[in-house]
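Numbers here simply count residues along the sequence, with the first being 1. Bear in mind the structure is a predicted one, so any value in this text is a computation, not a measurement. As the structure lists them, so they are numbered: ligands from 1, and atoms in each ligand from 1. Both backbone and side-chain heavy atoms feed into the values below; hydrogens, waters and symmetry mates do not.
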Amino acid sequence: MDINREDYELGLPIIEKAGVAHKIDFREGPALPLLDQLIQDENKKGAYDFVFVDADKENYLNYHKRVIELVRIGGLIGYNNTLWFGSVAAPPNAPLMDMEDIRHYRPFVLELNKALAIDPRIVICQLPVGDGITICRRIS
Ligand SMILES: C[S@@+](CC[C@H](N)C(=O)[O-])C[C@H]1O[C@@H](n2cnc3c(N)ncnc32)[C@H](O)[C@@H]1O
């Protein structure tokens, strides 16, 4: 899923070169209504092995509420940017807080991180690579 087809097409040559294009069912549009459509379909619930979320940070928690229903028990969900350039652990007066994007999205990433940490349906692992990826394994 991506709101922007051009972003998907950017990676498509690599997907084709890897010989896996036939596995892609690309959906263009905002992810929230697309996910809502998917969870209406009982056959899609618990049907996915792995979901990777790397889109608008404002909606990460909304994505989690839906994606948790789609991934199977034992399956994985990855959330990108969960360190948000280190800002999630930085003091409010750290120089990086002067950057508009960092300041704006930080509360959403913090909200997600806190919600994941106490969600009894998953166990989580924070990978401090790149901008931080939280891997969640659904356990119930
Ligand atoms: C940082 S890019 C990551 C793309 C991909 N994961 C990659 O690594 O190539 C973020 C993507 O989220 C998409 N995006 C932003 N808001 C979205 C939304 N509401 N619904 C679906 N996709 C969205 C953007 O179009 C963009 O392609």
(request) Please report which non-hydrogen protein atom sits nearest to atom 23 (C) of ligand 1, along with the residue it belongs to and the distance in Å to one decimal place. (result) I3 CG2, 3.6 Å
(request) Give the numbers and elements of all ligand 1 atoms closer than 4.0 Å to a heavy atom of Y63. (result) 18 (C), 19 (N), 20 (N)
(request) Check the angle between the aromatic planes of F26 and Y8 and answer parallel, tilted or perpendicular using the 30° and 60° thresholds. (result) parallel
(request) For ligand 1, indicate whether the residue D7 contacts it via side chain, backbone, both or neither (heavy-atom separation under 4.0 Å). (result) side chain
(message) Show me which atoms of ligand 1 lie under 4.0 Å from any heavy atom of A55.
(response) 12 (O), 14 (N), 23 (C)
(request) Could you list which atoms of ligand 1 come closer than 4.0 Å to a heavy atom of G29? (result) 20 (N), 21 (C)
(request) Working to the nearest 0.5 Å, report the span between CD1 of I73 and CZ of R121. (result) 11.0 Å
(message) Distance check, rounded to the nearest 0.5 Å: K114 atom NZ versus L116 atom CG?
(response) 12.5 Å
(request) Using protein heavy atoms only, decide if any is under 4.0 Å from atom 20 (N) of ligand 1. (result) yes
(request) Step through the shown structure and confirm whether more than 12 heavy atoms of other residues, nucleotides or ligands are within 6.0 Å of CE on M99. (result) no
(request) Give the residue, atom name and distance (to 0.1 Å) of the protein heavy atom nearest atom 8 (O) of ligand 1. (result) D54 OD2, 3.6 Å
(message) Set out, in order, the CA-CA distance, both residues' side-chain angles and the distance that settles side chain to side chain donor-acceptor pair (under 3.5 Å) for D56 and Y105, then state yes or no.
(response) CA-CA 9 Å; D56 49 328; Y105 293 110; over 6 Å; no
(message) As an exercise, state the distance from CD1 of I77 to CZ of F52, rounded to the nearest 0.5 Å.
(response) 12.5 Å
(message) I'd like the name of whichever of L35, D56, N4, D2 reaches closest to atom 16 (N) of ligand 1 through any heavy atom.
(response) D56
(request) Provide the number and element of each atom of ligand 1 under 4.0 Å from a heavy atom of P30. (result) 20 (N)
(message) Just checking K44: does its NZ atom have more than 12 heavy atoms from other residues, nucleotides or ligands closer to it than 6.0 angstrom?
(response) no
(message) Tell me whether A31 has any N or O atom under 3.5 angstrom from an N or O of ligand 1.
(response) yes
